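Working notes, beginning with the structure itself.
Please read all numbers here as calculations on a predicted model, not as lab measurements. The figures here come from the full heavy-atom set of this structure, side chains too, leaving out hydrogens, waters and symmetry mates. Protein chains get the first letters and strands the later ones, always in sequence-line order, with residue 1 at the start of each.
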There are 2 protein chains.
Amino acid sequence: MLSVAYSAEAKQVAAARLAPQPERLEELFCSVPRESFEAGEGVFWEGDQADHVFKVSEGVLRVFKIIADGRRVITGFLYAGDLVGLSLKDRYLYSAEAVTPVRLRRLARKPFQEALEKWPDLRPQFFARVCDEMATAQDQMVLLSRKSAEERVSTFLMLLARRLHGCHPIGRRIHLPMSRLDMADYLGLTIETVSRTITKLVSRGVISPEGRHDFAICKPGKLLALCGDGDSYEEAIDREPKMRQAIWPH
Amino acid sequence: MLSVAYSAEAKQVAAARLAPQPERLEELFCSVPRESFEAGEGVFWEGDQADHVFKVSEGVLRVFKIIADGRRVITGFLYAGDLVGLSLKDRYLYSAEAVTPVRLRRLARKPFQEALEKWPDLRPQFFARVCDEMATAQDQMVLLSRKSAEERVSTFLMLLARRLHGCHPIGRRIHLPMSRLDMADYLGLTIETVSRTITKLVSRGVISPEGRHDFAICKPGKLLALCGDGDSYEEAIDREPKMRQAIWPH
DNA sequence: TAAATTGTGTAACAGGGTGTAACAGAGACT
DNA sequence: AGTCTCTGTTACACCCTGTTACACAATTTA
């Protein structure tokens with residue numbers, strides 16, 4: 001069994017080396033067969049030797065950390081096209097599990113790094129991915145640090161709406177593949193609060209349920225305003241005064 | 001004035017190019033003169049064109065984001081030796097201000113990137129820095145998402161204790177250069193809660209105040225336990241039951 | 001020196017979110 | 001169809017944290 005794994009890896013390295021120069025980072029993963037994971041199955045665990053990077057080709061993944069008394073924090077959900085395991089030292093920083101049935105391609109760290117050495121054009125792409133991850137993490141810190149339950153849920157819905165429909169003309173329908181518990185652990189809330197908040201949004205006519213995991217966005221503008229990001233200043237001042245007074249650094 | 005800036009930049013580029021191969025990333029900054037900032041002064045702002053990377057050589061910096069109604073989130077404090085502005089696209093993700101009087105060296109993005117291209121040995125160092133930043137961000141997400149006020153403050157104190165005294169034999173004295181408001185905006189709390197929590201830690205004899213910005217750690221073990229990280233499982237089970245039941249993923 | 005300003009500590013109160021529980025709905029299985 | 005299991009919803013009391021208010025200390029200004 002060991003030898004099989006070994007030769008498979010050697011083959012991967014060879015394939016990555018011999019392949020013509022790829023234009024896009026994703027192409028590195030093309031030569032590798034896809035693996036399948038059932039919903040709930042683990043892909044790797046925090047603290048594992050970080051031997052591989054992954055590309056999700058189908059389904060949704062959750063990455064999370066757990067502290068000793070069982071509290072869980074989901075640091076992100078990953079969709080088709082996303083790369084996993086980029087920013088790490090020798091051990092994974094978090095665990096990864098399939099939310100839905102998942103298909104992904106796995107590439108050993110070594111050929112991945114060699115490819116980056118060999119083809120400089122890939123490096124900016126790689127760096128951009130890592131930076132996106134960082135930007136996302138910081139937005140999440142803002143959400144967890146200073147947003148109310150309603151703002152958190154709204155932000156989450158808006159995020160999915162944008163992700164599913166390529167940004168601009170925000171998609172009117174969203175699908176939530178994950179459970180309420182997953183949402184709660186991502187948003188730093190409890191399932192009950194998530195549930196209550198969704199109910200509130202529904203009763204206000206901002207969204208409308210179409211089954212448990214699907215919603216239609218009835219009032220995208222209202223939902224955007226509820227996110228608390230306040231892209232425009234006008235948006236911010238004519239909202240009802242919230243629980244916290246403005247604190248400007250001086 | 002423009003021409004002066006121009007020639008200074010050109011000089012920088014030349015210096016970086018001509019310098020002998022540096023062994024360490026920090027050495028790239030040696031050729032640049034140091035700039036000084038007063039306490040409270042801004043270094044750059046979120047959304048600015050990200051033209052430079054910085055190395056702190058003295059003092060403490062805070063990096064933060066602000067959402068439109070004035071809520072502020074401090075995403076990190078940076079000390080001497082830290083690099084700022086590494087993980088970014090073309091615009092800064094956050095603002096940076098001096099907490100104390102600060103001296104830092106500024107390097108234009110272009111020569112920095114060229115150095116990374118030219119000397120491959122620097123790339124792993126650079127990547128390690130970015131990954132550290134990412135790891136720190138994720139720990140912060142855990143703190144903001146699932147930790148109580150007491151755990152947050154304890155974690156913060158422990159962080160500073162480790163930072164000041166190179167990790168292992170945890171320093172017995174810590175200095176907090178930032179205001180309570182800074183701490184609050186970093187920990188996702190209010191100044192009153194920070195104040196209350198510190199008072200509680202003092203009254204329990206875990207720490208003892210030595211002026212407003214200095215503390216002695218009287219019971220490092222206790223403080224570590226209060227962090228809620230539970231490095232050991234034993235540590236976790238014999239703590240008094242906390243407000244939240246264990247939630248294990250299944 | 002006194003007054004104003006800034007930062008911090010303390011206390012009382014209130015509110016948003018949580019913990020617990022019971023209930024409802026949607027499959028899965030016999 | 002009926003039962004079981006799992007997930008999600010709703011209700012209510014409670015509690016941690018936020019809000020508000022005031023007092024105090026350190027520093028700056030007049």
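- Ionic pairing of B:K147 and B:D229 is present here: one or more N-O contacts between side-chain nitrogen and carboxylate oxygen are shorter than 4.0 angstrom.
- Whole-Å rounding puts the B:L201 CG to C:dG9 C1' distance at 15 Å.
- Distance from the side chain of A:T193 is smallest to C:dG17 among D:dT9, C:dG17, C:dG19.
- Using a 4.0 Å heavy-atom distance criterion, A:S179 is classed as a sugar-phosphate-only contact.
- Closest to the side chain of B:R196, out of C:dA11, C:dG9, D:dA11, is C:dA11.
- Rounded to whole Å, atom P of C:dG25 lies 15 Å from atom CZ of A:R180.
- Donor-acceptor pairing under 3.5 Å, judged by distance alone, is absent between the side chain of B:R212 and the base of C:dG9.
- Closest to the side chain of A:E192, from the set C:dA11, D:dA11, D:dT17, is D:dA11.
- Using a 4.5 Å heavy-atom cutoff, the side chains of A:R173 and A:D214 are not in contact.
- When the C1' atom of C:dG9 is taken as reference, atom CG of B:L181 falls 15 Å away, rounded to whole Å.
- Side chains of B:T199 and B:R196: a donor-acceptor N/O pair is absent below 3.5 angstrom, by distance only.
- One finds no side-chain N or O of B:H213 lying less than 4.0 angstrom from the OP1 or OP2 phosphate oxygen of C:dG7.
- We find that NZ of A:K200 is positioned 13 Å from P of D:dT10, with the value rounded to whole Å.
- If you take CZ of B:F215 and P of C:dT8, they are 10 Å apart, rounded to a whole angstrom.
- The nearest whole Å value for the distance from the CD1 atom in A:I198 to the C1' atom in D:dG8 is 10 Å.
- Look at A:T199 and you won't find any side-chain N or O under 4.0 angstrom from OP1 or OP2 of D:dT9.
- When the P atom of C:dG19 is taken as reference, atom CZ of A:R71 falls 11 Å away, rounded to whole Å.
- Between A:L78 and the options A:L83, A:V63, A:V102, A:V60, a side-chain contact (heavy atoms from CB on, under 4.5 Å) holds for only A:V63.
- The aromatic rings of B:F44 and B:Y92 sit parallel to each other, their planes meeting at less than 30°, with 60° as the upper class boundary.
- One atom, CG of B:L187, and another, P of D:dT17, lie 12 Å apart when rounded to the nearest Å.
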